[in-house]
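Heads up: the structure comes next, in structure tokens.
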Amino acid sequence: MTESTEARHFIQQIIDADIESGKWGQPGDQSVVTTRFPPEPNGYLHLGHTKAICLCCGLAREFGGRFNLRFDDTNPAKEEQEFVDSIKGDIEWLGAQWDGEVLFASDYFEQMYEWARELITKGMAYVDDQTVEQIRAGRGNTKAPGEHSPFRDRSVEENLDLFERMKNGEFENGSKVLRAKIDMNSGNMNLRDPLMYRIVNATHHRTGDTWHIYPMYDWAHGLEDSIEGVTHSLCTLEFEDHRPLYDWFINAINEGRAGGSKIHHSQQIEFSRLALSYTNMSKRYMRQLVEENHVHGWDDPRMITVAGFRRRGYTPESFWMLSEDVGITKFNALVDFSRLENMVREDLNTKAPRRMAVLDPIKLVITNWGEQGDEDRVEPVDGVNHPKDESRGTRPLSFGRELWIEREDFMIDPPKKFFRLGPDREVRLRCGYWVKCHDFKTDADGKVTEVHCTYDPLTKGGNNPPADGEGKVRKVKGTIHWVNADEAVDAEVRMFDRLYNAERPGKETGNHLDDLNPDSLAVVTNAKIEPGLVERTEDEPDWKDGIRRFQFERIGYFCVDTDSTSEKMVFNRTATLRDSWTKKQ
RNA sequence: GGGGGAAUGGUGUAAUUGGUAGCACGAGGGAUUCUGAUUCCCUUAGUUCGGGUUCAAGUCCCGGUUCCCCUACCA
């Protein structure tokens, strides 16, 4: 009970039991656990997929098993090569490398076709000539039983003949389907003579025009798992109703077969999908956001696509952490978005080198800087790269008479608990000097334009001044960040907030667009950054994905955006720092 | 008058399968701090409801409630 780290979720427990019983072989065999991630290549991967990927891949790794990537490309009308490429890239970025080659359901079409013929021969499937509408009507509904199709009792010979001609392309789309003969009275709608094949006269992204019939999900999926020797076929909760059908198809193929010739029967296990507050995983919604330009493409950093998160600066590790954090259950939970944010913060806190940048600059002038007649003097100071890790060293910064500081770090009439700058207040400029404000300038509107300070030469590097005659050391409450105006570089900084204002977008309003947050993007074009930020420097870590990430001290985590040019750097805010000060106010 | 699932602090999860309801996040308080960050310490609050079995129930039984999924030639 004390070993909370040993807690096993229900799928791990199933696998433990399978290993115990030797169901799939002996421990240590790679066959003991074979999982698969089976995306349809019809869109981009999003946050919801990451949970399934981490689960399937993680399980295979935990047990020394095998993790397959299989494209479920059974619908040529919706699928494109572009998506298989982006999906592969996203999975690799996540660090969920699959075992062996990438697999495709379309490689199994011939085998599936043979199995379908076998079911026809056994009298378990038939060709139906009814229209979509007739089939739908005949299916009944949850309250009323269905009716048998008038074509349900065709002879095996006729079915075999028609099925082959369907395959050969003799018929129009929608004119015929192959159905399994199960139970039109079942309370489970999936069992009311489900479709196995439909006619689709379209070009498939891999098989071209060789096929005119394409298998339906329920027929295909278990067979794909079977062919690949998948042991635990993990999917989300809405497929619970499909499991009886998944099993029926495998059993139907195996019916009448001798023990040795039976096909592999994987176990389908369902878990709850990931739902995060203030997001919506609906592909339809996401497409609308892109197509109607509510965001700037699928990789807009506000999107919850893997591409969006990557561009925003999220690390792959944060998704593994979240996946671990939310656990695996059958409960439809709504996870706070802040949990994912906490994960990146936690990850980036240890990894990201510190830098200084001023987002909303006002000028700080050190009026006693030139007392020796050397106003233009520039002094080098060392910027600490990581306060908790000395081995990461320092970087050279320069300090001079005019600096940029954050507008919100100065108040004309500050409250008592305000630890930053104000008239007659002293602060430490991080890694620089201590400065004390004695004056400020405003424009016609009363807006502060300049803050005038004196510095204490005895505080170089930000260190405490020596004790006075009585052994007392002067103290400051606050430390603020700054950039030397002389060498500061202008940069664009994009700050993102949640895309939606509602916990469950569209739930209350009925239209997710009504819940859009109008302030989800704020762009600052005149941020002042350390010049060292422009080019990659030696002390930066080797980020696997090549994305440069930093902590801008006291502000948050930022990464270099792909829009950056040699003329102008562009940064994306990944996450803010935790902030107990503004919360307090 | 259908079928399939699920309910544990504010949130997400755990409980040796009948034996002290634990962990994390959040929140509140404090310490440390050259980031109002980090780190550390303390506090906070929970078994959906009603019965029953039992020495003992989050766990088993009966009944109720609430929520999710299912009527695509999508996956």
Side-chain angles (χ1 to χ4, degrees), chain A residues 1-9 13 38-40 42 72 74-75 77-78 128 130-132 135-136 139-146 173-179 185-192 195-200 213-214 216-218 220-221 235-244 270 272 277 283 322 324-336 338-339 342-343 345-346 349-350 354 356 384 386-388 417-420 427-432 434 459 461-464 476-481 551-556 576-584:
Chain A
M1 181 180 294
T2 49
E3 313 253 326
S4 59
T5 49
E6 299 247 324
R8 316 278 291 155
H9 59 68
Q13 289 179 27
E40 184 188 14
N42 71 345
D72 208 1
T74 56
N75 186 354
K78 294 165 62 180
D128 195 340
Q130 293 185 106
T131 63
V132 195
I135 290 176
R136 187 177 299 144
R139 189 153 35 218
N141 57 54
T142 55
K143 302 268 158 50
N173 287 357
S175 58
K176 283 181 171 49
V177 294
L178 184 73
R179 298 179 76 176
N185 284 315
S186 175
N188 182 347
M189 302 298 290
N190 295 120
L191 264 21
R192 318 250 263 227
L195 274 56
M196 294 166 65
Y197 280 94
R198 78 287 209 190
I199 295 170
V200 184
I213 53 172
Y214 288 88
M216 302 290 291
Y217 168 85
D218 286 303
H221 206 85
C235 60
T236 46
L237 248 28
E238 66 268 30
F239 290 101
E240 283 177 316
D241 281 346
H242 295 244
R243 185 170 5 108
E270 311 85 13
S272 72
S277 61
K283 220 173 255 184
L322 181 75
E324 188 64 33
D325 182 55
V326 301
I328 301 298
T329 66
K330 292 172 91 80
F331 174 64
N332 279 308
L334 180 65
V335 177
D336 280 346
S338 60
R339 279 176 179 271
N342 288 337
M343 299 301 151
R345 284 201 190 103
E346 192 181 327
N349 178 42
T350 57
R354 312 288 126 122
M356 289 200 280
V384 175
H386 196 109
K388 288 278 193 268
K417 288 284 195 183
F418 188 77
F419 299 152
R420 286 111 96 154
V427 297
R428 169 173 25 236
L429 294 173
R430 174 115 172 110
C431 300
W434 290 22
T459 58
N463 292 314
N464 291 357
V476 284
K477 278 282 194 140
T479 298
I480 65 174
H481 57 98
Q551 184 196 96
F552 289 172
E553 294 215 42
R554 302 209 308 130
I555 305 177
T576 60
L577 252 35
R578 221 183 252 109
D579 180 5
S580 55
W581 164 242
T582 49
K583 208 165 16 181
K584 207 173 271 182

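Please read these numbers as outputs of a predicted model, since none were measured by experiment. Per chain, numbering begins at 1; letters A, B, ... match sequence-line order.
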Using the P atom as the reference point in each nucleotide, state the distance between rA45(B) and rG10(B) in Å, no decimals.
-> 10 Å
Please determine, for the side chain of N75(A), which listed nucleotide (rC74(B), rG12(B), rC73(B)) has the closest atom?
-> rC74(B)
On the 0 to 90° scale, with breaks at 30° and 60°, tag the F419(A)-W581(A) ring pair as parallel, tilted or perpendicular.
-> parallel
Give a yes/no on whether any side-chain N or O of S580(A) is located under 4.0 angstrom from OP1 or OP2 of rA37(B).
-> yes
rG36(B) phosphate, OP1 or OP2: any side-chain N/O from R554(A) under 4.0 angstrom?
-> yes
Scan K176(A) against the nucleic acid and name what it touches under 4.0 Å (heavy atoms): base, sugar-phosphate only, or nothing.
-> nothing
May I ask you to decide if L429(A)'s main-chain N or O and W434(A)'s side chain share a donor-acceptor pair within less than 3.5 Å?
-> no
If pairing requires Watson-Crick or G-U wobble contacts with both distances under 3.5 Å, which nucleotide is the partner of rA21(B)?
-> none
Please determine if a side-chain N or O atom of T74(A) lies less than 4.0 Å away from the OP1 or OP2 oxygen of rC74(B).
-> no
Report yes if a side-chain nitrogen or oxygen of R139(A) is closer than 4.0 Å to either non-bridging phosphate oxygen (OP1 or OP2) of rC73(B); otherwise report no.
-> yes
Here the distance between atom P of rC70(B) and atom CZ of R243(A), to the nearest Å, is 16 Å
Taking atom C1' in both rU47(B) and rG12(B), what distance in whole Å separates the two?
-> 16 Å
rC68(B) OP1/OP2 closer than 4.0 Å to side-chain N/O of K330(A) = no
Nearest-angstrom distance, P atom, rA37(B) to rC25(B) | 16 Å
Identify whether any heavy atom of N463(A) sits under 4.0 Å from a base atom; if not, whether one sits that close to sugar-phosphate; answer base, sugar-phosphate or nothing.
-> base
R430(A) side-chain N/O to rG36(B) phosphate OP1/OP2 under 4.0 Å = no
Report yes if the side chains of N349(A) and K388(A) come closer than 4.5 Å at any heavy-atom pair, otherwise no.
-> no
Give a yes or no on whether the backbone of N188(A) and the side-chain of S186(A) come within a donor-acceptor separation of less than 3.5 Å.
-> yes
Heavy atoms under 4.0 Å, any strand shown: does E346(A) hit a base, just sugar-phosphate, or nothing?
-> nothing
Base, sugar-phosphate, or nothing for G327(A), non-hydrogen atoms under 4.0 angstrom?
-> nothing
Under 4.0 angstrom, heavy atoms only, what part of the nucleic acid is H221(A) near: base, sugar-phosphate, or nothing?
-> nothing
Sugar-phosphate, base or nothing in reach of E324(A), heavy atoms under 4.0 Å = nothing
So what does P39(A) touch, heavy atoms closer than 4.0 Å: a base, only the sugar-phosphate, or nothing?
-> nothing
Does the side-chain ring of F419(A) sit on the six-membered ring of the rG36(B) base, less than 5.5 Å centre to centre and under 30° in tilt?
-> yes
Start at the 5' end of RNA chain B and walk down; is the nucleotide closest to N349(A) or to P38(A) reached first?
-> N349(A)
Which of these nucleotides, rC73(B), rA24(B), rA75(B), is closest to any side-chain atom of V132(A)?
-> rC73(B)
Assign each of T479(A) and L237(A) to its nearest nucleotide of RNA chain B by heavy atoms, then name whichever residue's nucleotide is nearer the 5' end.
-> L237(A)
Under 3.5 Å, is there a donor-acceptor pair between the side chain of R354(A) and the main chain of E553(A)?
-> no
Write down the distance between NE2 (H9(A)) and C1' (rA14(B)), rounded to a whole number of angstrom.
-> 13 Å
What integer number of Å spans the C1' atoms of rU44(B) and rG4(B)?
-> 39 Å
Rounded to the nearest Å, what distance is computed from the CD atom of residue E238(A) to the P atom of nucleotide rC70(B)?
-> 7 Å
Compare the minimum distances between each of rA75(B), rA14(B), rG12(B) and the side chain of V335(A), then state the nucleotide with the smallest one.
-> rG12(B)
Across all strands shown, which nucleotide pairs with rA6(B) by Watson-Crick or G-U wobble geometry, both distances under 3.5 Å?
-> rU66(B)
For rU17(B), is chi within 90° of 0 (syn) or not (anti)?
-> syn
Value in whole Å for how far the P atom of rA72(B) lies from NZ of K78(A) = 14 Å
Determine whether more than 12 heavy atoms belonging to other residues, nucleotides or ligands lie under 6.0 Å from atom CD of E324(A).
-> no
Nearest-angstrom distance, P atom, rU39(B) to rU13(B) = 24 Å
Length of the line joining D241(A):CG and rC68(B):P, which is rounded to integer Å = 15 Å
Ring-on-base stacking between Y217(A) and rA75(B), under 5.5 Å between centres and under 30° between planes: is it there?
-> no
Using purine N1 to pyrimidine N3 plus N6-O4 or O6-N4 for Watson-Crick, or N1-O2 and O6-N3 for G-U wobble, both under 3.5 Å, which nucleotide pairs with rA15(B)?
-> none
Contact class for I480(A) (heavy atom, under 4.0 Å): base, sugar-phosphate, or nothing?
-> nothing
Could you tell me the separation between the CZ atom of F331(A) and the P atom of rG46(B), rounded to a whole number of Å?
-> 18 Å
Tell me what Y197(A) touches on the nucleic acid: a base, only sugar-phosphate, or nothing, going by heavy atoms under 4.0 Å.
-> nothing
Could you tell me whether the side chain of N75(A) reaches within less than 4.5 Å of the side chain of N42(A), counting heavy atoms only?
-> no
More than 12 non-hydrogen atoms from neighbouring residues, nucleotides or ligands closer than 6.0 Å to NZ on K477(A), yes or no?
-> no
Roughly, in whole Å, what's the span from CZ in R192(A) to C1' in rU71(B)?
-> 7 Å
When the P atoms of rG9(B) and rG46(B) are considered, how many whole Å apart are they?
-> 9 Å
Within less than 4.0 Å of OP1 or OP2 of rC74(B), is there a side-chain N or O belonging to R198(A)?
-> yes
Using a heavy-atom cut-off of under 4.0 Å over every strand shown, decide if E40(A) touches base, sugar-phosphate, or nothing.
-> sugar-phosphate
Any idea which of rA14(B), rG12(B), rU71(B) is nearest the T142(A) side chain?
-> rU71(B)
What nucleic acid atoms does F418(A) come within less than 4.0 Å of, heavy atoms only: base, sugar-phosphate, or nothing?
-> base
Has the side chain of R339(A) got a donor or acceptor atom sitting under 3.5 Å from an opposite partner on the base of rG26(B)?
-> no
Roughly, in whole Å, what's the span from CD1 in I328(A) to P in rA6(B)?
-> 15 Å
Between N342(A) and R345(A): side-chain donor-acceptor atoms closer than 3.5 Å = yes
Is the phosphate of rU35(B), meaning OP1 or OP2, less than 4.0 Å from a side-chain N or O of R354(A)?
-> no
Of M196(A), Q130(A), R192(A), the one forming a side-chain contact (heavy atoms from CB on, under 4.5 Å) with R179(A) is Q130(A)
Determine the contact category for Q551(A): base if any of its heavy atoms lies under 4.0 Å from a base atom, sugar-phosphate if only primed atoms, P, OP1 or OP2 are that close, otherwise nothing.
-> base
Testing rG26(B), rC73(B), rU35(B) for proximity to the side chain of N342(A), the answer is rG26(B)
Spacing of the P atoms in rC60(B) and rA15(B) (rounded, Å) = 13 Å
Base paired to rA27(B) (Watson-Crick or G-U; both N/O distances under 3.5 angstrom) = rU43(B)
Touch class at under 4.0 angstrom, heavy-atom based, for V326(A) against every strand present = sugar-phosphate
Mind checking T329(A) for me? I need base, sugar-phosphate or nothing, with any heavy atom below 4.0 Å counting as a touch.
-> sugar-phosphate
Same-atom distance (C1') from rU54(B) to rC70(B), integer angstrom = 40 Å
